[in-house]
Amino acid sequence: MNRRALVRRPSPRLAEGLLTHIDRVPVDLALAERQWEAYVAALQAEGWETIEVPPAPDCPDSVFVEDTVVMYDDLAVLTRPGADERKPEVAGTEQVLRDLGYRIARIEAPGTLDGGDVLKHDGTVWVGLGGRTNRAGIDQLAAHLAPLGASVVAVPLTKALHLKSAVTALPDGTVVGWDEVVDDPAVWSSYLPVPEEPGSHVVLLDDSTVLMSSAAPRTRALYEERGLRVVAVDVTEYEKLEGCVTCLSVRLRG
Ligand SMILES: CN(C)C(=N)NCCC[C@H](N)C(=O)O
């Protein structure tokens, strides 16, 4: 399979990014730029072609490209981010996906939905219903994905910015989470609490390889004990902005 991922270079205004659940600490822009280059290099080293969405220098959070679109097979559902500051980010993602030939749908007002709230595994799409994503956004996503056979499940979210700030899924479908910010682990039939907050975010690179933050060595060991190969990257500057490894890319199918 052709493995491609969207990425978006950080804005020079990155340090002004939105914060909801954590206090602001200084962001080192030069270090953030090096970490972004290393993140992109890690994807490429694992066989992923990276496609850059044109930068949005006036949008501090634009590096978190995951929030601008939900991909499902050949369909790109452009989001309508819950934070007004982030709404202008979507246009650049739309242009790239149109040029690549994806079918386009969109979340419309009054719906809001951030890609970081959407966790997909094997035909089920869990969507965090919380600060950034509302019921209308979830209903619209469900309508767009129903013809593709996906079933959308709303998951109440009160303790984290996005659903994928709290949980992600391993290749076998086990949902991994940092208990302190998971509202109800019983939503998932297979749930594994992890010992470090940054350990709960994984990007699936293939059936046995995950990309994760290097700030979670005990969780890394746990994943390796389960037979996974782990690629770890430093994303400290993005973690200061409530970001994580998932937010920095969008994997494309086909
Ligand atoms: C899964 N996560 C966490 C994301 N997809 N996005 C993070 C966005 C962070 C940004 N400062 C904001 O507040 O929007």
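All values below come from the heavy atoms of this structure, side chains included, with hydrogens, waters and symmetry mates left out.
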Query raised in the report: Just how far is it from atom CD of Glu242 to atom SG of Cys247, taken to the nearest 0.5 Å?
Result: 10.0 Å
Requested in this report: Answer whether the closest heavy-atom distance between the side chains of Val245 and Tyr238 falls below 4.5 Å.
Outcome: no
Query raised in the report: Going hydrophobic residue to hydrophobic residue with side-chain gaps under 4.5 angstrom, can you get from Val65 over to Leu78?
Result: yes
Query raised in the report: Any side-chain heavy atom of Ile104 sitting closer than 4.5 Å to one from Arg98?
Result: yes
Query raised in the report: Can you get from Phe64 to Val27 by hopping between Ile, Leu, Val, Met, Phe, Trp and Tyr side chains that sit under 4.5 Å apart?
Result: yes
Report task. Report yes or no: does Trp188 contribute a side-chain atom to a donor-acceptor pair with the main-chain N or O of Val176 at less than 3.5 Å? Result -> no
Report task. List for me each residue that meets side chain to side chain contact (heavy atoms under 4.5 Å, CB included) alongside Thr112, sequence neighbours excluded, and say none if there are none. Result -> Arg80, Asn134
Query raised in the report: Can you tell if the side chain of Ser213 reaches within under 4.5 Å of the side chain of Glu239, non-hydrogen atoms only?
Result: yes
Report summary line: Only one of Val182, Thr133, Val155 passes side-chain contact (heavy atoms from CB on, under 4.5 Å) with Leu163, and that residue is Val155
Query - Flag, side chain of Arg251 to backbone of Leu204, donor-acceptor distance under 3.5 Å - result: yes
**Report entry** pair Leu97-Leu6: side-chain heavy atoms closer than 4.5 Å
**Finding:** yes
**Report entry** Side chains of Glu52 and Val7 in contact at under 4.5 Å (non-hydrogen atoms)
**Finding:** yes
Requested in this report: For residues Asp206 and Arg3, determine if any side-chain heavy atom of one lies less than 4.5 Å from a side-chain heavy atom of the other.
Outcome: yes
Report task. Quick one: closest heavy-atom pair of Pro81 and Arg86, and the distance? Result -> CG-O, 3.7 Å
Query - hydrophobic_cluster_shared for Leu205 and Val202, side chain cutoff 4.5 Å - result: no
Query - Test side-chain contact (heavy atoms from CB on, under 4.5 Å) applied to Glu46 and Val231, step by step - result: CA-CA 9 Å; Glu46 292 298 316; Val231 176; 3.6 Å; yes
Requested in this report: Start with the C-alpha distance between Leu248 and Val63, add both sets of side-chain angles, then the distance that settles side-chain contact (heavy atoms from CB on, under 4.5 Å), and finish with yes or no.
Outcome: CA-CA 6 Å; Leu248 298 174; Val63 70; 3.7 Å; yes
Report summary line: Rounded to the nearest 0.5 Å, the CG atom of Asp234 sits from the CG atom of Leu31 at a distance of 8.0 Å
Report summary line: side-chain contact (heavy atoms from CB on, under 4.5 Å) test vs Met212 passes for just one of Val230, Val194, Val203, namely Val230
Requested in this report: Apply side-chain contact (heavy atoms from CB on, under 4.5 Å) to the pair Tyr39 and Thr50, showing each step before the final yes or no.
Outcome: CA-CA 11 Å; Tyr39 176 95; Thr50 54; over 6 Å; no
Query - Other residues, nucleotides, ligands: >12 heavy atoms within 6.0 Å of Asp207 CG - result: no
**Report entry** Qualifying residue for side-chain contact (heavy atoms from CB on, under 4.5 Å) with Trp126, from Asp117, Leu157, Val153
**Finding:** Val153
Report summary line: side chain to side chain donor-acceptor pair (under 3.5 Å) filter on Asp58, not counting sequence neighbours, yields none
**Report entry** Non-hydrogen side-chain atoms of Thr79 and Asp67 separated by less than 4.5 Å
**Finding:** no
Query raised in the report: Between Glu89 and Ser62, do the side chains contain an N or O donor and an N or O acceptor separated by less than 3.5 Å?
Result: no
**Report entry** Straight-line distance of Thr236 OG1 to Leu241 CG, nearest 0.5 Å
**Finding:** 10.0 Å
Report summary line: Pro198 and Ala216 have their tightest heavy-atom pair at C-CB, 4.0 Å
Report task. Start with the C-alpha distance between Thr174 and Asp172, add both sets of side-chain angles, then the distance that settles side-chain hydrogen bond (donor to acceptor under 3.5 Å, both in side chains), and finish with yes or no. Result -> CA-CA 6 Å; Thr174 301; Asp172 67 0; 2.8 Å; yes
Query raised in the report: For residues 145-171, which residue pairs qualify under side-chain hydrogen bond (donor to acceptor under 3.5 Å, both in side chains), counting only residues two or more places apart or in two chains?
Result: Glu66-Lys164, Asp114-His162, Thr158-Asp183
**Report entry** Leu192 with Val210, same ILVMFWY side-chain cluster at under 4.5 Å
**Finding:** yes
Report summary line: All heavy atoms of Arg220 vs all of Ala232, minimum pair found to be NH1-CB, 3.6 Å
Query raised in the report: Residues sharing Leu141's hydrophobic cluster, by side-chain heavy-atom contacts under 4.5 Å among ILVMFWY, directly or via others?
Result: Val70, Tyr72, Leu75, Val77, Ile107, Leu113, Val118, Val125, Val127, Leu129, Ile138, Leu145, Leu148, Val152
Report task. Answer yes or no: is there a side-chain heavy-atom contact under 4.5 Å between Ser11 and Cys59? Result -> no
Query - Under the side chain to side chain contact (heavy atoms under 4.5 Å, CB included) test, residues paired with Pro193 that sit two or more places apart - result: Asp179, Tyr191
Query raised in the report: What's the verdict on side-chain contact (heavy atoms from CB on, under 4.5 Å) for Leu18 and Arg132, showing C-alpha distance, side-chain angles and the deciding distance?
Result: CA-CA 12 Å; Leu18 297 173; Arg132 296 282 175 86; 3.6 Å; yes
Query raised in the report: Does a side-chain N-to-carboxylate-O contact under 4.0 Å join Glu237 and Lys240?
Result: yes
**Report entry** Shortest non-hydrogen contact from Leu211 toward Ala42
**Finding:** CD1-CB, 4.3 Å
Query raised in the report: Side-chain heavy atoms under 4.5 angstrom apart, residues restricted to Ile, Leu, Val, Met, Phe, Trp, Tyr: same cluster for Met71 and Leu119?
Result: no
Query - Thr219 side, atom OG1; Glu224 side, atom CD - distance, nearest 0.5 Å - result: 11.0 Å
Requested in this report: Output yes when a side-chain donor or acceptor of Tyr223 lies under 3.5 Å from a complementary backbone atom of Leu170, and no otherwise.
Outcome: no
Query raised in the report: Taking the side chain from Arg4 and the backbone from Trp48, do they hold a donor-acceptor pair closer than 3.5 Å?
Result: no
**Report entry** For the student: nearest non-hydrogen atoms of Ala5 and Leu43, plus distance
**Finding:** CB-CD1, 4.3 Å
Query raised in the report: If you measure from CG on Asp139 to NE2 on His144, what distance do you get to the nearest 0.5 Å?
Result: 11.0 Å
Report summary line: Scanning both residues in full, the closest heavy-atom pair of Pro147 with Ala143 reads CD-O, 3.3 Å
Query raised in the report: Which pairs pass side-chain hydrogen bond (donor to acceptor under 3.5 Å, both in side chains) with one or both residues in residues 16-27, sequence neighbours excluded?
Result: Arg13-Glu16
